[in-house]
Amino acid sequence: MYNKDDSRHQDLVNRGKQLEQLLQSTEHSEQNKQTALMDYLNLLNTERASDLGISFTQRMLKRIMAAFEAHPTADLAVDQLYTCLLLQQFHSMQFDLWRAHPAIEKCRNALTMLEAEGRWSDCLRYCQDTANSYAEIHFWPEALAYTQRAYSSMRELLKQKVKVLENGELLDLSDTAFSVITCALHTANGVTPEMEATMQQDLGTDAYAAVYAEAKDAADSEPMTDPVELTDEYLAIRFELEEKIDEALEHERGYYDYCREYWMAKRMILRSDYGIRWKSPIVLNPNDEFH
């Protein structure tokens, strides 16, 4: 959490306002705008000013979305997705990634356009990072949906003989298959026959079996979680639940032993507000240490 020094905080706010004016100006080159934007975002990261980062990127995203709705272009779609990734990053710093979900949902049209236009590198990066965001908070159905889209993007790139992205990332379909399987194993349906058939065809039967075994071993080694988290009843109230837990903890997150207080609040709210009996990882894994 960002601890505000009033004068420093106000300085960062003022810099943000100046930057927004610069970004909307027609008197500066796009290169200068991008340089100034990255400098400011890096500064917010260094200062751990997640609250300012969230408000700034939310305003940016709102303007880009309005421009995209008025005149949908691939370039605006890319800007929209990358701004959404910045928003996810700042929410992660503040330990409230679930709050990025509405923005992610609003970016679906931009992602669909880029997929239709074959902008696979941009789609891959966005879907990988968004899947990781959802996995970080154990929102597994959403994580699975985005890692499957990342898998499809990588397949298309490999079909075009692209093996290395501009940032130097090597494309490895086995790694993305591992992510798909990992996310699927945390959902009620697991790895479906359709998923298995696709990955077996792409990787070969033996290679797929090896990737599956590795993902299964990794999943089995994780702390046990309550199976109630896989039910439709639980999945339907996750976002509302997080809001209530946040209020119960007075919006303080990320401190030492935070997880214990988080799980205590979660158990009480699930039982009192929803009639759902839930066991925490501490109860299900008595030999493990959690902080």
Under 4.5 Å between side-chain heavy atoms, hopping through other hydrophobics if needed: is there a path connecting Leu249 to Met268?
-> no
Residue that, paired with Phe239, satisfies ring-ring contact (aromatic ring centres under 6.0 Å, His included) out of Tyr234, Trp98, Phe139 = Phe139
Find out if a path of hydrophobic residues (ILVMFWY) with successive side-chain heavy-atom gaps under 4.5 Å connects Met93 to Leu87.
-> yes
Examine the side chains of Ser92 and Glu136 and answer whether a donor and an acceptor come within less than 3.5 Å of each other.
-> yes
Partner residues of Asp220 under the side-chain hydrogen bond (donor to acceptor under 3.5 Å, both in side chains) criterion, sequence neighbours left out = Lys216
Test: Glu247 and Lys244 ion pair at under 4.0 Å | no
Return yes if a side-chain donor-acceptor contact under 3.5 Å exists between Asn45 and Gln89, otherwise no.
-> yes
Test item: side-chain donor near acceptor, Asn14 and Gln10, under 3.5 Å = yes
When rounded to the nearest 0.5 angstrom, what distance separates SG in Cys127 from CG in Asn132?
-> 11.0 Å
Check ion pair Lys17-Glu20 (N to O, under 4.0 angstrom) | no
Tell me, which pairs form a side-chain hydrogen bond (donor to acceptor under 3.5 Å, both in side chains) where one or both residues lie in residues 180-190, sequence neighbours left out?
-> His186-Glu222
Salt bridge (charged side-chain N to carboxylate O under 4.0 Å, His left out) filter on Glu243, not counting sequence neighbours, yields Arg99
Between Tyr40 and Gln18, is any side-chain donor less than 3.5 angstrom from a side-chain acceptor?
-> no
Hphob cluster co-occupancy, Tyr151 + Val211, side-chain heavy atoms under 4.5 angstrom = yes
State yes or no: do Tyr82 and Tyr134 share one hydrophobic cluster built from I, L, V, M, F, W and Y residues joined by side-chain heavy-atom distances below 4.5 Å, directly or via other members?
-> yes
Hey, mind stepping through Val162 and Trp120 against side chain to side chain contact (heavy atoms under 4.5 Å, CB included) and telling me if it holds?
-> CA-CA 10 Å; Val162 177; Trp120 301 115; over 6 Å; no
Mind checking who shares a hydrophobic cluster with Val164, ILVMFWY linked at side-chain heavy-atom distances under 4.5 Å?
-> Leu170
Show every donor-acceptor pair shorter than 3.5 Å between a side-chain atom in residues 69-79 and any protein atom, with sequence neighbours excluded, or say none if there are none.
| unit_1 | atom_1 | unit_2 | atom_2 | d |
| --- | --- | --- | --- | --- |
| Thr73 | OG1 | Leu76 | N | 3.2 |

Polar side chain donor-acceptor pair, Gln88 to Ser133, under 3.5 angstrom | yes
Decide if the gap between the ring center of Tyr212 and the ring center of Phe178 is smaller than 6.0 angstrom.
-> no
Just checking, any donor-acceptor pair under 3.5 angstrom between side chains of Thr147 and Gln128?
-> no
side-chain hydrogen bond (donor to acceptor under 3.5 Å, both in side chains) pairs touching residues 277-290, sequence neighbours excluded, are Glu229-Trp278
Assess Arg253 against Tyr262: is NZ or CZ under 6.0 Å from the centre of the six-membered ring, and within 45 degrees of the ring's axis?
-> no
Taking atom types as modelled, is there a side-chain donor on Glu261 or Tyr255 under 3.5 Å from an acceptor on the other?
-> yes
Report whether Leu12 and Phe90 are members of the same hydrophobic cluster (ILVMFWY, side-chain heavy atoms less than 4.5 Å apart, transitive linking).
-> yes
Side-chain contact test, heavy atoms from C-beta onward, threshold under 4.5 Å: evaluate it for Pro141 versus Arg238 and give yes or no.
-> yes
